[in-house]
Protein chains: 2
Amino acid sequence: MTDFDVTEYFEHRRVQVNAALDAALAQSEDDPGRLREAMRYAVLDGGKRMRPLLVVAACEAVGGSVEAALPAACAIEMVHAYSLVHDDLPAMDDDVERRGKPTVHVAFGDANAILVGDALLTHAFTTLASGATAAPDGRLLQAVVSLAHHSGIDGMVGGQALDLQVGQDVDDLAMLERVHALKTGGLYAASGAMGALSGGAQDEVAARLEAFGLAFGIAFQHADDVLDDDQPALREKALGRVDELTANCLDQVASLGEAAEPLRGIARWVAHRAHAAHRGEIKD
Amino acid sequence: MTDFDVTEYFEHRRVQVNAALDAALAQSEDDPGRLREAMRYAVLDGGKRMRPLLVVAACEAVGGSVEAALPAACAIEMVHAYSLVHDDLPAMDDDVERRGKPTVHVAFGDANAILVGDALLTHAFTTLASGATAAPDGRLLQAVVSLAHHSGIDGMVGGQALDLQVGQDVDDLAMLERVHALKTGGLYAASGAMGALSGGAQDEVAARLEAFGLAFGIAFQHADDVLDDDQPALREKALGRVDELTANCLDQVASLGEAAEPLRGIARWVAHRAHAAHRGEIKD
């Protein structure tokens, strides 16, 4: 499968994910506080859609269809978007701009931004649990458990709390990886698991794709760390970990055949990106 | 069943709900930012547990056990608690005290209060979807849909946005009821539906208990309005609506036999409370 065009695959799937997100966040004439408008503002028009693309690729890797993956794909992007809206608040990171636009609280006010985040997190579960997929109810219920587990106190939110506690200047790779595993890895782990479950996979396969997602998410963050010129010692170590994590990713999907080629493609792409950054070919 | 002791029933169930909440919010040595401690602070030691008690009573009304209802009962209380934590934030109502204690943001800081709310909302779905109940997966998945629907943009959060927009001094009963139906009624509707679904009820019965919950929640809020001395005209109208809504509650459970006596009991209790308030026997 050396001819497989990863870029083309993901470009095409991204268009489908964006259309599904647009449909899942319907506008309405009746929109007190412009909350629906703000939800669309927070989610649409921007973002690489890495997590939902992982959901789709994981679903296709186990023989599911793109359509079966879309409810979970939309759900994970809504969770990601809500976390950014709340992170940007004055009481948190106090960021005024994101993706070249004013942040939600700047555009819609602080109170509405809190409600928009709450509404997006909740709507993720509506979208996932009521989405039409061919997967049996038991698989979909497992997907709900995975999304909630990896988004909450034992996942992303726990990672945000840890991150607030340890501060910005961590130079210990193990601690950095613990933060990455929770704060970033959680949603990628849920993406792998939910994609597999939406495709009807059994627990063992879903666990492998969850592990793929976790390793991928951590590698993705370490690849960013490689770009950090201020910490040369950390850069070397981070590059080594990216290679290990990429190997782990490929190992998790070794038994899945050609349908897992997109997953192998994005895993290799992260390693490629980290090495290019290390050689100075990519600047932050 | 005139001998049925509603007060004793709910006292006993409240003890079971509180024990389940304590278990569902486990403390841990590893607690960055004291987030787990703050989640317990926000939920335990206080509150009438009206919503979880409705879940339990609805589950028992359809022949389910108390144990089957506890995951959904804990979930709805976590959603209620998260909404209070976020409502109390300086960017929202800016309240410094609740139930005789400092609010979460006063005790743990604004950033942590945002995360605590997010973590509680997410943990509600973990608790509901991974809770051991005898209900089939399909029923539990419907319960997830109900919780998410009534908590989000088409329910509680939508009601909060509407409330922010129309302001404090609404004297139009229809508008007031619209706010109550979304902001308060949503979680009560979800309580009725989730209780029934946890007990394995079919869609039609679940819909009746959802309608019971909605009418009950609105009546409960109107009963509070009756206490509002500043608006005598509104008080009369609100009392009339409480009676209508109570009749609607009793109608929804007319076919359910003796197992629904606790539900009939709390519906009558709200009407009784409203009339006592109107006669001046209860002061706010």
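The structure presented is a predicted model; accordingly, all values stated were derived computationally and were not measured.
Taking a 6.0 Å sphere around CD of B:Glu97, one finds it holds more than 12 heavy atoms contributed by other residues, nucleotides or ligands. Other residues, nucleotides and ligands contribute at most 12 non-hydrogen atoms within 6.0 Å of the CG atom of A:Asp45.
Ranked by heavy-atom pairs under 4.5 Å with chain B, the list A:Val79, A:Thr122, A:Leu89, A:Asp31 is led by A:Thr122. In terms of non-hydrogen atom pairs under 4.5 Å with chain B, the most contact-rich of A:Leu164, A:Leu120, A:Val145, A:Asp118 is A:Asp118. Residue with the most contacts toward chain A among B:Ala148, B:Gly117, B:Ala119, B:Pro90: B:Ala148 (heavy-atom pairs, distance under 4.5 Å). The most heavy-atom pairs under 4.5 Å with chain A, out of B:Asp110, B:Leu140, B:Leu128, B:Asp87, come from B:Leu140. Counting heavy-atom pairs closer than 4.5 Å to chain B, the top-ranked of the candidates A:Pro136, A:Ser146, A:Gly109, A:Ala129 is A:Ala129. Among A:Ala111, A:Ser151, A:Ser28, the residue with the largest count of heavy-atom pairs under 4.5 Å with chain B is A:Ala111.
With hydrogens and angles ignored, the 3.5 Å screen pairs no side-chain donor or acceptor of B:Gln165 with any backbone N or O of A:Pro32.
The shortest heavy-atom contact between B:Ala91 and A:Ile114 is CB-CD1, 3.9 Å.
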Walk me through it: do B:His123 and A:His149 pass the test ring-ring contact (aromatic ring centres under 6.0 Å, His included)? CA-CA 7 Å; B:His123 206 58; A:His149 173 79; 9.3 Å; no
Side chain to side chain contact (heavy atoms under 4.5 Å, CB included) assessment of B:Leu115 paired with A:His86: CA-CA 8 Å; B:Leu115 292 178; A:His86 281 185; over 6 Å; no
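Between A:Phe125 and B:Phe125, the ring-plane angle classifies as parallel under the 30° and 60° cut-offs.
Applying a 4.5 Å heavy-atom cutoff, the residues of residues 153-162 of chain B that approach chain A are B:Ile153, B:Asp154, B:Val157, B:Gln160, B:Ala161, B:Leu162.
Residue A:Asp30 touches chain B through its side chain alone, counting heavy-atom pairs closer than 4.5 Å.
Annotation: side chain of B:Val144 is not in contact with side chain of A:Thr126 (no heavy-atom distance under 4.5 Å).
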